[in-house]
Amino acid sequence: MATYSTNDLRSGLKVMLDGDPCSILANELVKPGKGQAFARVKLRNLRSGRVWERTFKSGESLEAADVMEQDLEYSYTDGEFWYFMDPDSYEQYPADAKAVGDTHLWLKEQDRCEVTLYNGAPLSIAPPNFVELEIVETDPGLKGDTANGGSKPATLATGAVVRVPLFLSQGEIIRIDTRTGDYVSRASKS
Amino acid sequence: MSWQPGASGQIIAERAALLGKIRQFFLVRSVLEVDTPLLCSSGVTDPSIEPLTVEQGASLSAARYLQSSPEYAMKRLLAAGSGSIYQIAKAFRDGEVGPRHNPEFTLLEWYRLGYDHHQLMAEVAELICSCLGERQVQKFSYRELFVHFLKLDPFAAGIDQLRETARAHVDLSFDSDDRDLWLDLLMSHVVEPRLAAYSLCFVYDYPASQAALSRVVVRNGVDVGQRFELYVDGIEIGNGYCELTDVQEQARRFSADNEKREQLGLTEKPVDTRLLAAMQCGLPQCSGVAIGVDRLLMCLSGSTDIRGVLAFDWERC
């Protein structure tokens with residue numbers, strides 16, 4: 001595997017650190033006018049999501065991590081794995097619960113997700129920013145109450161529970177911002 | 001690719017005004033402005049500074065170095081009897097790019113005959129206040145700061161104590177048996193950020209191993225380099241010395257630098273024999289300081305990135 005010197009570390013590069021793949025977020029040169037140079041590097045551990053700063057001696061080298069981001073289509077789950085497919089090659093990638101985490105709440109069949117592959121296996125899944133999901137359970141809708149700002153909980157087809165306006169009913173399809181988990185609008189009728 | 005400048009028109013004008021103020025400051029004090037070459041046959045030997053080298057050209061019989069500071073040439077002028085002098089010069093340091101570094105930058109360097117480093121610090125404070133407005137000035141010795149913030153004596157602490165203290169404060173995985181590396185790490189990662197609480201702060205009397213080109217004297221039973229650094233709002237702005245005038249000692253430091261370069265796998269640098277010859281003839285007792293003009297302009301304009309105060313930073317030219 002290739003190695004990077006601290007001078008080459010740029011935002012977005014993936015490196016191995018303490019046995020885990022990490023993504024470089026920032027690299028700051030710390031260099032007094034007289035004296036040794038250090039690289040203060042901000043990293044995200046791609047396995048745990050932890051963000052922290054580590055200092056390297058200028059010129060230290062780090063092993064590159066075999067990490068790729070790929071757009072894959074979500075297919076189905078068998079309860080143990082969530083299967084993602086490359087729409088061009090039809091190759092299947094099974095992701096375990098650790099890789100999927102809470103993202104399973106936003107996974108709808110045929111949606112494209114950005115999957116981070118580490119040594120060819122899914123490490124983490126980023127859902128689309130917006131998904132459209134059906135309400136499977138909520139209190140009955142209050143007709144005409146569109147102006148009043150009240151809200152109520154609604155359970156979606158994936159099991160996610162979100163706050164929705166009072167006028168929505170069971171069976172309706174709504175649009176959710178997956179970054180915040182907030183209701184955006186009713187889905188446009190297709 | 002962008003052709004536009006990275007600095008706003010206002011900051012470009014502030015730079016012009018700042019340079020005007022600096023020249024006025026020295027004019028009224030009868031310090032002579034000088035102008036020395038950027039390309040010289042020898043560069044700096046300091047292992048922590050890499051010069052940029054020019055290797056091609058019909059005028060060159062050997063490689064020449066873009067100067068990392070005008071120090072050596074200015075000391076030759078001092079030895080020739082110039083009296084107190086200053087210069088606003090471009091300087092170059094390879095590999096230094098970041099929010100506070102650009103490989104090509106502007107230095108204000110000046111030398112005062114007969115001053116010790118405390119007298120020069122007082123004048124530096126006057127200059128900085130004349131540029132930035134009145135500021136509270138504080139002075140701490142290097143040792144005081146380490147005792148205060150880290151509860152350790154940087155002159156007495158063993159390498160294990162330095163290493164453990166560094167590891168307690170900073171996440172790192174490398175090791176080293178170089179005391180100065182741990183001191184530099186503690187200074188830059190733990191002490192410096194705390195200096196942001198002081199408006200204008202001098203740190204003086206460094207370990208002899210970090211004396212650079214300053215005179216070493218015995219203070220409280222230990223060898224200290226009569227060197228100082230200036231921090232404004234926690235940003236390192238300048239570095240000064242009560243200058244070493246002893247030619248034998250200067251020659252020893254040059255060869256020690258080159259030995260360290262060899263250990264670190266860096267190329268050895270030719271020693272500036274003209275500087276040594278000048279010192280042999282006699283460098284008058286003086287103190288000198290270099291101030292980063294771009295960083296001073298950052299403080300003046302409230303910029304957090306040096307690219308915002310340079311018309312065209314490294315990526316734009």
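Since the structure is predicted, the reported quantities are computational estimates derived from the model, not experimental observations. Chain letters run A, B, ... following the sequence lines, proteins first, then strands; residues in each count from 1.
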* Hey, what do you get for NE2 (B:H101) to NZ (A:K31), rounding to the nearest 0.5 Å? -> 6.5 Å

* To do: Report the distance from atom CG of A:L43 to atom CG of B:D171, rounding to the nearest 0.5 Å.
  => 9.0 Å

Does [atom1] in [X] sit with more than 12 non-hydrogen atoms of other residues, nucleotides or ligands closer than 6.0 Å?
{"X": "B:K90", "atom1": "NZ", "answer": "yes"}
{"X": "A:E137", "atom1": "CD", "answer": "no"}
{"X": "A:R44", "atom1": "CZ", "answer": "no"}
{"X": "A:D102", "atom1": "CG", "answer": "no"}

Provide the closest heavy-atom pair for [X] versus [Y] in the form atom of the first, atom of the second, distance.
{"X": "B:F174", "Y": "A:E60", "result": "CD2-OE1, 3.2 Å"}
{"X": "A:T55", "Y": "B:V170", "result": "OG1-CG1, 3.4 Å"}
{"X": "B:S48", "Y": "A:G35", "result": "CB-O, 3.0 Å"}
{"X": "A:Q36", "Y": "B:D178", "result": "NE2-OD2, 3.1 Å"}
{"X": "A:K57", "Y": "B:D175", "result": "NZ-O, 3.8 Å"}
{"X": "B:L181", "Y": "A:F38", "result": "O-CZ, 3.7 Å"}

What side-chain donor-acceptor pairs closer than 3.5 Å can you find for residues 108-121 of chain A, not counting sequence neighbours?
unit_1: A:K108; atom_1: NZ; unit_2: A:E132; atom_2: O; d: 3.0
unit_1: A:T116; atom_1: OG1; unit_2: A:S124; atom_2: OG; d: 3.4

* Side chain, backbone, both or neither: which part of B:L185 has a heavy atom under 4.5 Å from chain A? -> both

* Asked: Of the backbone (N, CA, C, O) and the side chain (C-beta and beyond), which part of B:R100 lies under 4.5 Å from a heavy atom of chain A, both, or neither?
  -> neither

* Report the C-alpha distance between B:Q210 and A:K34 in whole Å, list the side-chain angles of each, state the deciding distance to 0.1 Å, and finish with yes or no for side chain to side chain contact (heavy atoms under 4.5 Å, CB included). => CA-CA 8 Å; B:Q210 299 184 17; A:K34 302 280 168 191; over 6 Å; no

* What part of A:E53 gets closer than 4.5 Å to chain B, counting heavy atoms only: side chain, backbone, both or neither? -> backbone

